[in-house]
Amino acid sequence: MTVTRFAPSPTGYLHIGGLRTALYSYLWARKNSGKFLLRIEDTDLKRNSAEAAQKIEEAFAWCGLKHDGEPIYQSQRFDLYKQYVQQLLDEGKAYYCYATKEELDEMRAAQQAKKERPRYDGRYRDFCGEPPSGVDPVVRIKAPTEGTISFVDGIKGELSFNVQDMLDDFIIARSDGTPTYNFVVAIDDALMGLTDVIRGDDHLSNTPKQIVVYEALGFEIPKFYHVPMILNPQGKKLSKRDGATDVMEYKQMGYFPEALLNFLIRLGWSHGDQELFSMDEMLEYFDPKDINSSASAYNAEKLLWINAQYMKSLPADRILNDLQALGLDIASHPKRELIVDALRERAKTLVEMKEMAEKIIEKPTAYDEKAVKKFLDESAFEILANYLQELKAQDALEKSEDFETFTKAFLEKHDLKLKHLAQPLRIAMVGSAVSPSIYDTMAIIGKEAFVERIEALLAYFQS
RNA sequence: GGCCCGUUCGUCUAGCGGUUAGGACUCCGGCCUCUCACGCCGGCAACAGGGGUUCGAGUCCCCUACGGGUCACCA
């Protein structure tokens, strides 16, 4: 069975790059009817964690990514890790190192002065004398001192690292007894039954270290996939300064989670020429072997376009629901579906749609000067006054078509073209020369309010 | 600096030895049209450079350049 995981360190929120690797892991597990697990890498006790984990769960929930089982917190498994440290100690595969930080700093400085790679020199590797007093030792693992460590990366292909310039006897337990990252990752991945480790390629050079741990402990080595990073539009590593990196910010900005996921899956992965993928299609087509081996730059315009595509196709009640969450209360508006359908081809985000809807629903508080100047002359007022009079005499105008029929009859009767009337009516309805179809706009506003708005416009310019 | 990974239009990408190098976003034209959008049609635009291998190279190999990652008692 395929088992994958997402293993963030608690940094406070779910990063958009994290979401992409999580999505890849999620898809691969689900596609193979396997398991997708969540593990919080909080071995550094100096950092927060409960709150950060909650943020990740929140973002997952918004995106519809479900992990299997309860999240695993490394901070709660220290006893377990200690057993493995002891096991390696007992088997002679690890040892206490009494070198102080100062000593190590000195050693590194000397190596760098000689233009050598900084690495632990193994001074306590075979030490069996009397330990220096007053030093809390760290535990180091005995890494191989020569040869190569090779593995096949599911994305990058066959990889081979020369032990001499990658490894040293790295620390697996700090002087306070807490275990370190590369040690616990290997243990947890093995114990959790991981078959496929999909992670950012910033971890690529950790992999040989983790393989050392797997081998020392006799665990089976999983398959690795190192996913290239997401770059900012300038081609540099994506950072907070590049705008929205927190997944939940996209919710605030009016994006659909489906669109964000669609955007992220296409960043570094493709299936022929297809751009839009439903979750079912993602599950059908996704395979980590098709992930690109080079980094890709974040492109906000493409995301906006994808969101617009979802805006056009998502069901109206779903969109209504999301608008409600953004504070637009039209759940009981009689024309709520018409509002969505009139705006879904114009608004690229929910926030935009909310603003556009408000512009129609609320009566205009001002009239756009340019539009007034361009479209409201004497004859326009006259036409508007006539239109108003006949409109008031009409009853039972309800649907867009009703307004259209009425308006066309009016135009024909007075031998006018629509262009004489459309823009003046728009200004009356929304205060500017831009709105959806005037008939839809009329229907949304309703006959009573429509009459009032024309009257208001005429009154405003009579004084 | 050592090691590792990478390099097709501005961006995301297709390509898996023989293509007029395809699609998408952006941008620019045009059409549609009650405005704005949407949609449709069209256009601009790329194989980092240099060596090989081969009848033939974007595709395979090497070098150079550039970009990224990583070298902690962080994860």
Side-chain angles (χ1 to χ4, degrees), chain A residues 7-11 41-44 46-47 74 97 99-101 104-105 108 112 115-120 136-140 153 155-157 159-162 164-168 170-182 184-185 200-208 226 228-229 231 233 235-237 263 266-276 292-306 308 311-312 342-348 356 371 375 404 407 411 417-427 430 432-439 441:
Chain A
S9 56
T11 50
E41 314 231 300
D42 54 353
T43 51
D44 183 5
K46 291 183 233 54
R47 293 198 203 177
Q74 292 186 322
C97 168
T100 61
K101 279 179 193 169
L104 293 172
D105 286 343
R108 269 192 286 268
Q112 277 175 346
K115 298 223 191 280
E116 285 172 6
R117 180 178 81 93
R119 58 180 300 194
Y120 177 68
D136 289 327
V138 300
V139 179
R140 290 179 182 274
D153 186 279
I155 294 171
K156 308 209 182 244
L159 261 21
S160 191
F161 296 87
N162 194 334
Q164 268 151 7
D165 42 45
M166 285 300 292
L167 289 175
D168 60 6
F170 58 93
I171 293 170
I172 59 174
R174 303 184 183 94
S175 47
D176 65 0
T178 59
T180 58
Y181 174 75
N182 283 117
V184 299
V185 166
D201 75 357
D202 48 339
H203 287 289
L204 197 54
S205 48
N206 284 325
T207 306
H226 288 97
M229 306 275 87
L231 274 21
K236 305 285 179 191
K237 192 180 179 183
F263 170 70
R266 275 290 284 109
L267 209 54
W269 175 88
S270 61
H271 179 72
D273 285 341
Q274 189 168 343
E275 297 289 347
L276 268 15
N292 267 200
S293 50
S294 58
S296 29
Y298 175 92
N299 178 207
E301 275 128 20
K302 186 93 170 220
L303 171 59
L304 201 57
W305 177 81
I306 292 174
M311 188 68 93
K312 281 190 279 193
L343 295 176
R344 71 194 318 160
E345 305 221 319
R346 287 163 237 267
K348 288 183 160 61
M356 289 174 177
F375 298 111
E404 183 168 1
T407 304
L411 291 171
K417 290 270 166 48
L418 184 56
K419 63 182 172 188
H420 300 309
L421 187 59
Q423 293 305 71
L425 281 176
R426 259 198 185 90
I427 296 169
V430 301
S432 78
V434 178
S435 85
S437 149
I438 53 171
Y439 308 121
T441 310

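Naming convention: chains lettered A, B, ... in sequence-line order (proteins, then strands); numbering from 1 in each chain. Bear in mind the structure is a predicted one, so any value in this text is a computation, not a measurement. Just the heavy atoms: all of them, side chains too, but no hydrogens, waters or symmetry mates, feed the values below.
With hydrogens and angles ignored, no donor-acceptor pair under 3.5 angstrom links the side chain of A:Glu116 to the base of B:rG2. One can find a donor-acceptor pair under 3.5 Å joining the base of B:rC36 and the side-chain atoms of A:Arg346. Contact of A:Ser437 with B:rC34 (side chain to base): a donor-acceptor pair of N or O atoms is detected under 3.5 Å. Counting distance only, with no hydrogens placed and no angle test, the side-chain atoms of A:Lys101 and the base atoms of B:rA72 include no donor-acceptor pair under 3.5 Å. In this model, a side-chain donor or acceptor of A:Arg426 finds a partner on the base of B:rC34 within 3.5 Å.
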Considering only nitrogen or oxygen atoms on both sides, find all protein atoms under 3.5 Å from nucleotides 64-69 of chain B and state each distance.
unit_1, atom_1, unit_2, atom_2, d
B:rG68, OP1, A:Lys236, NZ, 2.8

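When the side-chain nitrogen and oxygen atoms of A:Lys312 are compared with OP1 and OP2 of B:rA37, none of them lie within a distance under 4.0 Å.
Nucleotide B:rU53 is matched to nothing when pairs are restricted to Watson-Crick or G-U wobble geometry with both distances under 3.5 angstrom. Figure legend. B:rG67 is base-paired to B:rC5; pairs are counted as Watson-Crick or G-U wobble with both atom distances under 3.5 Å.
Here the straight-line distance linking atom CD1 of A:Ile172 with atom CG of A:Asn182 works out to 11.0 Å at 0.5 Å rounding. Going from atom OH of A:Tyr120 over to atom CG of A:Asp168 covers 9.0 Å, rounded to the nearest 0.5 Å.
Proximity note for A:Trp305 (side chain, C-beta onward) versus B:rA75, B:rG23, B:rU26: the nearest is B:rU26. In the set B:rC34, B:rC25, B:rC38, the nucleotide with an atom closest to the side chain of A:Ala422 is B:rC34. For A:Gln423, the listed nucleotide lying nearest its side chain is B:rU35; candidates were B:rA75, B:rU35, B:rC4. The side chain of A:Ala297 lies closest to B:rC12 when the candidates are B:rG6, B:rC12, B:rU35.
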inquiry  = Run the side-chain contact (heavy atoms from CB on, under 4.5 Å) test on A:Ile438 and A:Leu418 for me, step by step, so that the C-alpha distance in whole Å, both residues' side-chain angles and the decisive distance to 0.1 Å come before the verdict.
reply    = CA-CA 11 Å; A:Ile438 53 171; A:Leu418 184 56; 4.0 Å; yes
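In this structure, A:Gln274 places its CD atom 15 Å from C1' of B:rC12, rounding to the nearest Å. Rounded to whole Å, atom P of B:rA14 lies 12 Å from atom CG of A:Leu267. A:Met356 places its CE atom 16 Å from the P atom of B:rU35, with the value rounded to the nearest Å.
Place A:Pro436 and A:Ala173 on RNA chain B by their nearest nucleotides, and A:Pro436 ends up nearer the 5' end.
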